[in-house]
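It should be emphasised that the depicted structure is a prediction, and the values quoted were computed from it without experimental measurement.
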2 protein chains.
Amino acid sequence: MAHGSGSGVSLADVAKLAGVSAQTVSRVANCSDAVRPETRKRVLAAMGELGYRPSFAARSLRAGCYQSVGLAMSGDIASTGRRLQLEGVAAAAAQRGYAMTLIQLADDEATLGEASSRMSGLPVDGQILYLGSSTDDFATFEPPSMLPTVIISTRHHPRCATVSNDQTGCSVSIVDYFIKKGHREIRFVGGRRDSYSNISRQKGWEQALRTRGLRVVEPMHGDWTADSGYELGMRLVQDRECTAVYASNDAIAVGVIYALRDAGLRVPEDVSVIGADDSLVGVIPHLDLTSYRFNDEQVGSIAFDLATNPPEGKEPPHILVPGMIVERKTVAQAPQR
Amino acid sequence: MAHGSGSGVSLADVAKLAGVSAQTVSRVANCSDAVRPETRKRVLAAMGELGYRPSFAARSLRAGCYQSVGLAMSGDIASTGRRLQLEGVAAAAAQRGYAMTLIQLADDEATLGEASSRMSGLPVDGQILYLGSSTDDFATFEPPSMLPTVIISTRHHPRCATVSNDQTGCSVSIVDYFIKKGHREIRFVGGRRDSYSNISRQKGWEQALRTRGLRVVEPMHGDWTADSGYELGMRLVQDRECTAVYASNDAIAVGVIYALRDAGLRVPEDVSVIGADDSLVGVIPHLDLTSYRFNDEQVGSIAFDLATNPPEGKEPPHILVPGMIVERKTVAQAPQR
DNA sequence: CTGAGGAATGTTAACGTAAACATTCCTCAG
DNA sequence: CTGAGGAATGTTTACGTTAACATTCCTCAG
């Protein structure tokens, strides 16, 4: 017995059992009020007996849409940030009565073109593409004409709507926050050099420092782990003028803090440290790391809206969603010199 | 212009433009080789021009199945473990050419019945229900007759296949691992008392100790955070006989370790500590926490297989997937007394 | 030159649903 | 008693696809 489409039981089957027409069954299934209570009862009984399940295929064929949005992700769904945006899309979809179709692309096939072509055969009214910002075909990708397409990316695309966390804005906020606290020597400790989010964060930091007329010291780079942060932190100890450190993620921030403390410096009294992503809550005792929390939920929700209600205008929108600094205990006023 | 189903452009439209029959276009779309190269080219050109996208609805209506599996999750998709199992399902689906339809249930509607009924109108050949193990209707839930159903849960269900991580097995492995290292006073530090996974882990620990004839000391409970682990760790210091601690998750383990060290005890020389979930890799400097890693990928993959290829037998399978201890540096031989 | 045989293409029908329209049946005003 | 009007239900049709069968056209052996 083939499972699938409508469970093999159709309106007609139910109709026959209940002694009514298929249309009447359809009316019952769709809660129309133009059915006598007695008839309705008989139909519902027949439905139950046969295990009727409406056929999504037939319904959407008739309706011409699916009430479903597609999300294509590459590699790791689970990594920080990505998963929250997935959740944002899912939440927005749920709220608006949409389903979500998720496809995962292996890293070696993670191009926008491939994702879009796989998606085009699926039951979706719009698609959200969430691959790394560094896919080969980002610039050349042409979205399918009849399928509203949104790319989650910090980069701007000429033909597609794009949304993402405002990585640059994150850096600017952090720099300004440090400045407000009286800091002037603000260092950046990076993650992997080739990572797009690291590049954006670093660029934003540099830009903000220059605009504010502060000194830019060439940053060091680690591999996103706390251990690499520790090493970099130990090197940072030499830098006697530095009073503020902006780490490209929280693990690095933790590494830096441990290193500074091991070197006899106090955090935040001597050096203030801030992380990014706000991913380490509740995980380390007595560490109240000040961090920057992105609004992943909103990114997902906006992506959903753009995919299901594409704006009319010529120019595709490029939306950057700001987050906020979560103040805890690793940033203080700059020490007096 | 309505988007959706087949982009509004049908085989017939393409056929007219290319001057062939719809069937020929269908053959081209399905890569049948019974088409003259020249014809194929003409058809492909027409497809491109019109932006043809095959209609999922029509195809599955005809085929009688969707090549898609449904996954229902409650509340937080992102939390440790859950997200990895999501990824496991997604990976298995991708590998076998299936799509995945994800629906998210708000916490106040997270029952198996609700999930299943929502799913029944979606394009899925099978469904995987992944709510908390504590849903109200777990025992009474009746799966729909024509939709293969799998529940991800440590509990056994009389009518549905179930899969999950082997929480009890985790505890047994950990106890035996400690015993192998010469420990005999093995404590359990729990997370939230009412959490199902905490209950299972504690039960497994207790059972293992009893079976091996070791002393069971009533465990303490925190709230899963490192800070709560720290507090409990400080209380644990009084327990002079304890040489081994099994923490119900990694954050608690970290808290315990910090507390023990602050109290002057060495880890692992004086007291060994093990966590569970292996969720804190690379996040704390110089902490090489021994932990138990579950095989979430495999849980997801098995769930997928059961949902798409339901076994014939009468008794629904109940599968517990073992994980493994990841040996690092927080467990050592028991100290000599 | 004939026609058998195969390659390429066309035609028909069915999948399950729901809108639009058609029919039946009942009630009640005149 | 008649029939207008409305409620309940039935019938037809189209959505886009593809399996199954039908047709056309070409090639080449005899």
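- Atom C1' of nucleotide C/dG16 and atom CE of B/Met146 are separated by 15 Å, given to the nearest angstrom.
- Counting heavy atoms of neighbouring residues, nucleotides and ligands inside a 6.0 Å radius, atom CG of B/Asp137 exceeds 12 of them.
- Of the possible polar contacts, one joining the B/Thr149 side chain to the B/Leu147 backbone as a donor-acceptor pair under 3.5 Å is found.
- Between the side chain of A/Ser60 and the main chain of A/Ala63, no donor-acceptor pair closer than 3.5 Å is present.
- Here C/dG16 presents its P atom at 10 Å from OH of B/Tyr66, a figure rounded to the nearest Å.
- In secondary-structure terms, DNA chain D builds stems of at least 3 consecutive Watson-Crick or G-U pairs, each pair having both distances under 3.5 Å, at C:1-30 with D:1-30.
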**Request:** Let me have a per-nucleotide readout for nucleotides 7-13 of chain C, 5' to 3', with B, S or -, counting only protein heavy atoms under 4.0 Å.
**Result:** -SBBB--

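- Residues A/Asn165 and A/Asn295 have side chains that never bring a donor and an acceptor to within less than 3.5 angstrom of each other.
- Between B/Tyr52 and D/dT17 there is a side-chain polar atom (N or O) within less than 4.0 angstrom of OP1 or OP2.
- The distance between the ring centers of B/Tyr98 and B/Phe304 falls below 6.0 angstrom.
- Phosphate contact (OP1/OP2 of C/dT17, side-chain N/O of A/Ser55, threshold under 4.0 Å): absent.
- Atom CZ of A/Arg53 and atom P of C/dG16 are 13 Å apart (whole Å).
- Distance alone, capped at 3.5 Å, places no donor-acceptor pair between the A/Asn30 side chain and the A/Arg27 backbone.
- Here B/Phe138 pairs with B/His157 under the ring-ring contact (aromatic ring centres under 6.0 Å, His included) rule; sequence neighbours left out.
- Salt-bridge annotation for B/Asp305 and B/Arg96: present, with a side-chain N of the basic residue lying under 4.0 Å from a carboxylate O of the acidic one.
- Looking only at atom types and distance, the side chain of B/Ser116 has a donor-acceptor partner in the side chain of B/Gln127 under 3.5 Å away.
- The distance from atom CG of B/Asp13 to atom P of D/dG16 is 7 Å, rounded to the nearest whole Å.
- If you take CZ of A/Arg59 and P of D/dG16, they are 19 Å apart, rounded to a whole angstrom.
- For B/Leu11, taking side-chain heavy atoms from C-beta onward, the closest of the listed nucleotides D/dT17, C/dT17, D/dG16 is D/dT17.
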